[in-house]
Amino acid sequence: MSVRKLLLVFLFFLSSASMVSQPSENILLQKGWAALIKDHEDEAFRYFFQAYEKAKDDKNEQDKAESLLYLGICTFGSNLEKGLQYATQSLEIYTKLEKINPEKSKIGRSKCLQLIGTIYTRQGKFKEAIPLSREVVNILEDLEDKSGTLGLAYTTLGNLYDSRKISDSATYFYKLALSDFEKSNNIAYLPTAYIRMGELELKTQNKEASLGYFKKALAISISSENDQAHASSLIALGKWYFTANNLKEALHYFQEANAIAVSLSDKIFEIKTLEQLIELYEKQQNFREVSTLQKRLLKIKEESYSLEKAKIGKSLEVQFDTAEKNRKLALMSKEREIAKLTNYMLAICIVVLLIIFITGYFYLKNINKRDKQLLKTKGDLVEALEKQKELKEIQFKNDLDHKESQLSAITLQMLQKNELLGEIKTTIEQQQPLSEQQLVKMVNRHFEQKNNWDDFNLYFESINKNFYTRLKQIYPEISANDLKICALIKLNLSIKEMASILNISPDSVKTARYRLRKKLQMNADDNLTSFILSV
């Protein structure tokens, strides 16, 4: 058997552990794993079987599946058929548990698949083992699993490409495996990973790097008391010195590896050490030792591979293939149903989203249209109000101008009439005609300005709103004549003009202004005109 097969067997022998010292929360499984790491297989088997019996009594399917898996790991090295039987039983339970605890069951199932793949590899059935390892990779790449199972699957794929002499792909998967083991610090798997990398470096004639990897593997296997890893490391170092033509050192390592392998229940290690010793003695032409070792090797192989075991293995293989096909058919049917339901739900979601989108689009479009119309209406209203305001201001200005012109006309009319009548009166008084008294009376009637003053007050009040009212509120004792004086002052007329309008002398106007100042309680320094203009 090739070194490639040997290493894969060793790797999966140590699989399915979350951590090297504590592969499970089950105390019995932890004790069994600790014994298995030290190659105390009988003791390990007792613990694993006790865990299985306890799980059956407790009706704990999870522990039952895990116990069967560990029983398969423990027994397949010495009995491939028995190991395959345990692995198949564990796989069936994990498959059923996927509905209850999907993630944990997938991890357990992947460990079972890799164990079965390893057994197939031991039997030389690489074509059957490869699909199982690929499925393990597909399951575990998206899950958090530190058991090292993913690294073992990478190793199996690396072995496939190595057997086909596709070095680049083989190296790629071996490096992935080593990275996975180092990341999870699985010291149970690291020795074999280092051995594999050392062999790759040796093929490329990078001898120093190769030796470094082999020594790392030896150091870890000794510190972890892992006899199988110890034997594998010694074989690798012996091959390195054999390649370097240092037969003395090579013989030392091969003999030391053989001494350890003899005590192991998995006889593949003893077979391998015997094959290496035979090759070395042949090179030394020590045919006596070669003959002895060949007889010993033949006997071990006959004991290990019997026809009856091959038949049992074939039966279990058929059983596994049938169960796996049924599981895959059921899984495919379930996946089709899920895909159909998913497509149906997706179609409904698309229709609903489309309806919502169309409804929202037209709703927003209507809102936008309404807002534009409202904005336009508001703009038109503001424009109309502005025009109305302008028209009112123009009308008010026109009215004010008209009233001011009317008031000025009345004032001027009164002024001119009184001046004319005053002049006529003066002339008459100087000539003293016979009808003097009659003429004076007639002229005096024309001086009655009641109607004129009514028109004056009407226009004056329209221009100066509440002027009279405000004065009376502040100074209640003010008279009608005083209000006339105030109105004429408001028009900013001179004393002479005021005297003519009122038909009195300028001195009388001054006297009236003096009395008005007293009624308004003004000081001598106060300006009467400024005060009246401010009212």
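Along the sequence shown, residues carry numbers from 1.
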Practice task
Mark yes or no for whether Tyr189, through its side chain, and Glu182, through its backbone, hold a donor-acceptor pair below 3.5 Å.
Solution key: no
Problem - Gap separating the OG atom of Ser233 from the NZ atom of Lys216, nearest 0.5 angstrom - result: 13.0 Å
Practice task
Over 60° means perpendicular and under 30° means parallel, so classify the ring planes of Phe49 and Tyr52, tilted if in between.
Solution key: tilted
Completion exercise
Looking only at heavy atoms, the pair that brings Ala257 and Ala231 closest together is CB-O, 3.8 Å
Practice task
Begin from the C-alpha positions of Leu176 and Thr155 and carry the test side-chain contact (heavy atoms from CB on, under 4.5 Å) through to its verdict.
Solution key: CA-CA 8 Å; Leu176 285 179; Thr155 302; over 6 Å; no
Handout entry: Inter-residue atom distance His230.NE2 - Leu264.CG, 0.5 Å rounding
Key = 11.0 Å
Exercise for the section: Before giving the answer on side-chain contact (heavy atoms from CB on, under 4.5 Å), spell out for Lys59 and Lys64 the whole-Å C-alpha distance, their side-chain angles and the decisive distance to 0.1 Å. Expected result: CA-CA 8 Å; Lys59 296 181 179 181; Lys64 185 178 176 182; over 6 Å; no
Handout entry: Other residues, nucleotides, ligands: >12 heavy atoms within 6.0 Å of Gln285 CD
Key = no
Exercise for the section: Please work out whether the ring planes of Tyr253 and Tyr241 are parallel, tilted or perpendicular, with thresholds of 30° and 60°. Expected result: parallel
Exercise for the section: Identify which one of Leu364, Thr359, Ile358 satisfies the side chain to side chain contact (heavy atoms under 4.5 Å, CB included) criterion when paired with Phe362. Expected result: Ile358
Exercise for the section: Check whether any side-chain N or O of Thr243 sits under 3.5 Å from a backbone N or O of Lys239 as a donor-acceptor pair, and report yes or no. Expected result: yes
Practice task
Keeping the roles fixed (side chain from Ser110, backbone from Ile107), state whether a donor-acceptor pair exists under 3.5 Å.
Solution key: yes
Problem - OG-CG distance between Ser224 and Leu190, expressed to the nearest 0.5 angstrom - result: 9.5 Å
Practice task
Compare all side-chain heavy atoms of Lys207 with those of Trp240 and state whether any distance is below 4.5 angstrom.
Solution key: yes
Practice task
Please report the closest heavy-atom contact between Gly117 and Ala129, naming both atoms and the distance.
Solution key: O-CB, 3.3 Å
Completion exercise
When every non-hydrogen atom of Phe76 is compared with those of Leu80, the smallest separation belongs to O-CD2, 3.3 Å
Handout entry: Asn258 side chain vs Phe254 backbone, donor-acceptor pair below 3.5 Å
Key = no
Practice task
Would you mind reporting whether Lys96 and Glu61 have side-chain heavy atoms less than 4.5 Å apart?
Solution key: no
Problem - Pairing of Glu199 and Arg196 as salt bridge, 4.0 angstrom limit - result: yes
Handout entry: Candidate pair Ile278 and Glu282, rule side-chain contact (heavy atoms from CB on, under 4.5 Å), full reasoning
Key = CA-CA 6 Å; Ile278 289 171; Glu282 284 178 346; 3.7 Å; yes
Exercise for the section: Would you check if the side chain of Ser90 reaches a backbone N or O of Tyr86 as a donor-acceptor pair within less than 3.5 Å? Expected result: no
Problem - 4.5 Å side-chain heavy-atom contact, Leu178 and Tyr154 - result: no
Problem - Note, Glu256 side chain near His252 side chain (heavy atom, < 4.5 Å) - result: yes
Practice task
Hey, could you give me the CG/CD distance between Leu297 and Gln294, rounded to the nearest 0.5 Å?
Solution key: 8.0 Å
Handout entry: Lys/Arg N to Asp/Glu carboxylate O, Glu337 vs Lys340, below 4.0 Å
Key = no
Practice task
Decide, yes or no, whether a salt bridge links Asp42 with Arg46 under the criterion of side-chain N to carboxylate O below 4.0 Å.
Solution key: no
Exercise for the section: Working to the nearest 0.5 Å, report the span between CG of Leu68 and CG of Leu91. Expected result: 11.0 Å
Exercise for the section: Look at the side chain of Ser221 and the backbone N and O of Leu218, then say whether any donor-acceptor pair between them is shorter than 3.5 Å. Expected result: yes
Exercise for the section: Kindly compute the distance separating OG1 (Thr156) from CZ (Arg134), expressed to the nearest 0.5 Å. Expected result: 11.0 Å
Problem - Contact check, side chains of Ile268 and Arg122, non-hydrogen atoms, under 4.5 Å - result: yes
Practice task
State, yes or no, whether a side-chain contact exists between Lys56 and Glu53 at a heavy-atom distance under 4.5 Å.
Solution key: yes
Handout entry: Within 6.0 angstrom of Asn368 CG, more than 12 heavy atoms from elsewhere
Key = yes
Exercise for the section: Could you walk me through whether Asp58 and Asp63 pass side-chain contact (heavy atoms from CB on, under 4.5 Å), step by step? Expected result: CA-CA 9 Å; Asp58 296 341; Asp63 280 1; over 6 Å; no
Practice task
Decide yes or no for Leu211 and Leu237: does some side-chain heavy atom of the first lie under 4.5 Å from some side-chain heavy atom of the second?
Solution key: yes
Exercise for the section: Using modelled atom types only, decide if a donor and an acceptor are shared between the side chain of Ser210 and the backbone of Asn206 within a distance under 3.5 Å. Expected result: no
Exercise for the section: Using atom types as modelled and distance alone, determine if a side-chain donor or acceptor of Ser105 lies under 3.5 Å from a backbone N or O of Pro102. Expected result: no
Problem - Any Leu36 side-chain heavy atom under 4.5 Å of Phe45 side chain - result: no
Practice task
May I ask you to say whether Lys301 pairs ionically with Glu275, meaning some side-chain N is under 4.0 Å from a carboxylate O?
Solution key: yes
Practice task
Look at the side chain of Ser291 and the backbone N and O of Arg288, then say whether any donor-acceptor pair between them is shorter than 3.5 Å.
Solution key: no
Exercise for the section: Taking all non-hydrogen atoms of both residues into account, name the closest pair between Leu113 and Val136 and its distance. Expected result: CB-CG2, 3.8 Å
Practice task
Look at atom NZ of Lys267 and say whether more than 12 heavy atoms of other residues, nucleotides or ligands are closer to it than 6.0 Å.
Solution key: yes
Problem - Nearest atoms (heavy-atom pairs only) where Tyr47 meets Leu28 - result: CB-O, 3.5 Å
Fill in the blank from the handout: When every non-hydrogen atom of Leu29 is compared with those of Ala51, the smallest separation belongs to CD2-CB, 3.7 Å
Handout entry: side chain to side chain contact (heavy atoms under 4.5 Å, CB included) partner of Phe242, the single match among Glu249, Gln276, Lys283
Key = Lys283
Handout entry: Glu66/Lys111 salt bridge by N-O under 4.0 Å criterion
Key = no
